[in-house]
There are 2 protein chains.
Amino acid sequence: MLSMKTQYAFKALMYLAQKDNGEPILIAEIAEKKNIPLKFLENILLELKKAGVLDSKKGKGGGYFFNQRPTDVRLAKIMRLIEGPIALLPCVSLNFYQKCKNCDERHCGLSNVMKEVRDATLLILENKTVADIAFINI
Amino acid sequence: MLSMKTQYAFKALMYLAQKDNGEPILIAEIAEKKNIPLKFLENILLELKKAGVLDSKKGKGGGYFFNQRPTDVRLAKIMRLIEGPIALLPCVSLNFYQKCKNCDERHCGLSNVMKEVRDATLLILENKTVADIAFINI
DNA sequence: GTTATATGCTTTCGATGAAGACGCAATATG
DNA sequence: CATATTGCGTCTTCATCGAAAGCATATAAC
Ligand code: FES
Ligand code: FES
């Protein structure tokens with residue numbers, strides 16, 4: 001399961017993309033509408049800003065808004081940014097690889113299965129963007 | 001990423017299945033060969049025993065062995081047992097479902113994507129067993 | 001029945017994650 | 001400049017996780 005931080009990040013981005021009209025949106029508004037602890041959300045949005053996904057404006061009329069276009073922000077990127085590895089094991093992670101002690105990947109059934117899971121997951125998360133989760137047409 | 005506990009559980013089961021000849025195997029042996037903290041492993045194996053996957057024998061010549069056949073133990077079952085939900089969001093979990101506040105699943109793009117991820121993951125983990133990760137034929 | 005061997009159970013400790021409290025810094029408006 | 005608004009920074013608290021230690025219990029072997 002995703003950490004609360006990552007879940008909140010996704011929900012906040014979804015909300016931002018839905019209301020996106022160029023105008024900054026208050027942290028407090030997102031927090032209230034999406035049921036996210038305020039100070040926790042501040043932290044999350046700040047990370048997304050430092051990563052270049054969002055930008056912010058201080059003072060009256062300030063708030064958060066997109067720096068990149070929602071259609072350009074892949075879900076996999078957000079996952080890696082906030083959550084860390086997408087793979088279930090360190091030895092099958094593309095971006096956070098760590099070798100297993102006492103286990104040879106080339107002959108390891110476990111890592112093989114987890115590689116399958118990783119690929120299936122990435123196929124989805126690399127091809128969906130923030131825009132995709134914001135607007136749903138049934 | 002999986003918790004250390006779950007990673008250890010998988011590795012221990014893999015080792016047990018590989019050496020399975022009916023004879024009990026020492027916790028200490030698994031711990032050493034798979035680089036798992038001893039007392040932590042004791043705990044994990046105990047949980048697997050209580051769940052009916054493994055069984056144990058005390059005293060000299062004791063240790064752990066399979067209660068069910070490795071071909072009958074699906075990886076998804078172990079995941080749910082040790083890790084908890086397989087889904088990335090509580091609102092898309094089959095076995096640990098929890099409703100999202102302020103978010104309607106029927107019109108939520110995020111939960112839709114995560115449902116796709118869950119299904120892709122389950123398709124793999126429900127069809128692979130402990131026996132599959134123990135014996136690898138390249 | 002005594003002893004060596006193993007598992008079973010409880011407690012403890014530090015590290016990390018989730019969340020809240022308080023104050024500081026920047027900016028729009030007048 | 002004065003003030004209200006809003007994002008930023010730091011410190012504290014609480015729960016959970018990873019890991020280790022210590023003692024208790026069961027059993028095979030002699
Ligand atoms: S190599 Fe990582 S689990 Fe075997
Ligand atoms: S319903 Fe769970 S994220 Fe929208």
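Every heavy atom of this structure was used, including side-chain atoms; hydrogens, water molecules and symmetry mates were not. Note on naming: letters A, B, ... go to the chains in the order of the sequence lines (proteins, then strands), and numbering restarts at 1 for each one.
The distance from atom NZ of Lys58(A) to atom P of dA4(D) is 19 Å, rounded to the nearest whole Å. At whole-Å resolution of the value, CG in Asn67(A) and C1' in dG7(D) are 16 Å apart. Taking atom CZ on Phe40(B) and atom C1' on dG14(C), their separation rounds to 14 Å, with Å as the unit. Taking atom CG of residue Asn43(A) and atom P of nucleotide dA21(C), one finds them 16 Å apart after rounding to whole Å. Between the NZ atom of Lys57(B) and the C1' atom of dG8(C) there is a distance of 17 Å, rounded to whole Å. Rounded to whole Å, atom P of dG9(D) lies 12 Å from atom CD of Glu47(A). Rounded to an integer number of Å, the gap from CD1 of Ile82(A) to P of dG17(C) is 13 Å. When rounded to the nearest whole Å, the span between CG of Asp55(B) and P of dT27(D) equals 11 Å.
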Run the numbers on Phe65(B) and Leu54(B) for side-chain contact (heavy atoms from CB on, under 4.5 Å), then give the verdict. CA-CA 6 Å; Phe65(B) 49 93; Leu54(B) 299 177; over 6 Å; no
Assess whether side-chain contact (heavy atoms from CB on, under 4.5 Å) is satisfied between Met79(B) and Thr6(B), documenting all intermediate values. CA-CA 7 Å; Met79(B) 279 276 285; Thr6(B) 313; 4.3 Å; yes
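For the pair Lys60(A) and Tyr64(B), both in contact range of DNA chain C, the more 5′-proximal nearest nucleotide belongs to Tyr64(B).
Inspection of the Gln98(A) and Ser93(A) side chains reveals no N or O donor paired with an N or O acceptor under 3.5 Å.
Distance alone, capped at 3.5 Å, places no donor-acceptor pair between the Asp72(B) side chain and the Gln68(B) backbone. Judged by distance alone, the side chain of Asp132(A) and the main-chain N or O of Thr129(A) form a donor-acceptor pair under 3.5 Å.
Among the nucleotides dT5(D), dC8(D), dA19(D), the one closest to the side chain of Tyr8(B) is dA19(D). Considering only side-chain atoms of Leu26(A), the nucleotide from dA19(D), dT5(D), dG7(D) that sits closest is dG7(D). Side chain of Ser56(A), nearest nucleotide from dA19(C), dC8(D), dT7(C): dC8(D). Of the candidates dT5(C), dG18(D), dG8(C), dG8(C) carries the atom nearest the Leu46(B) side chain, counting heavy atoms from C-beta on.
Side-chain to base pairing of Lys39(A) with dG9(D): one donor and one acceptor N or O lie within less than 3.5 Å of each other.
In this structure, Leu45(A) reaches neither bases nor backbone, as no heavy-atom distance under 4.0 Å exists between it and the strands shown.
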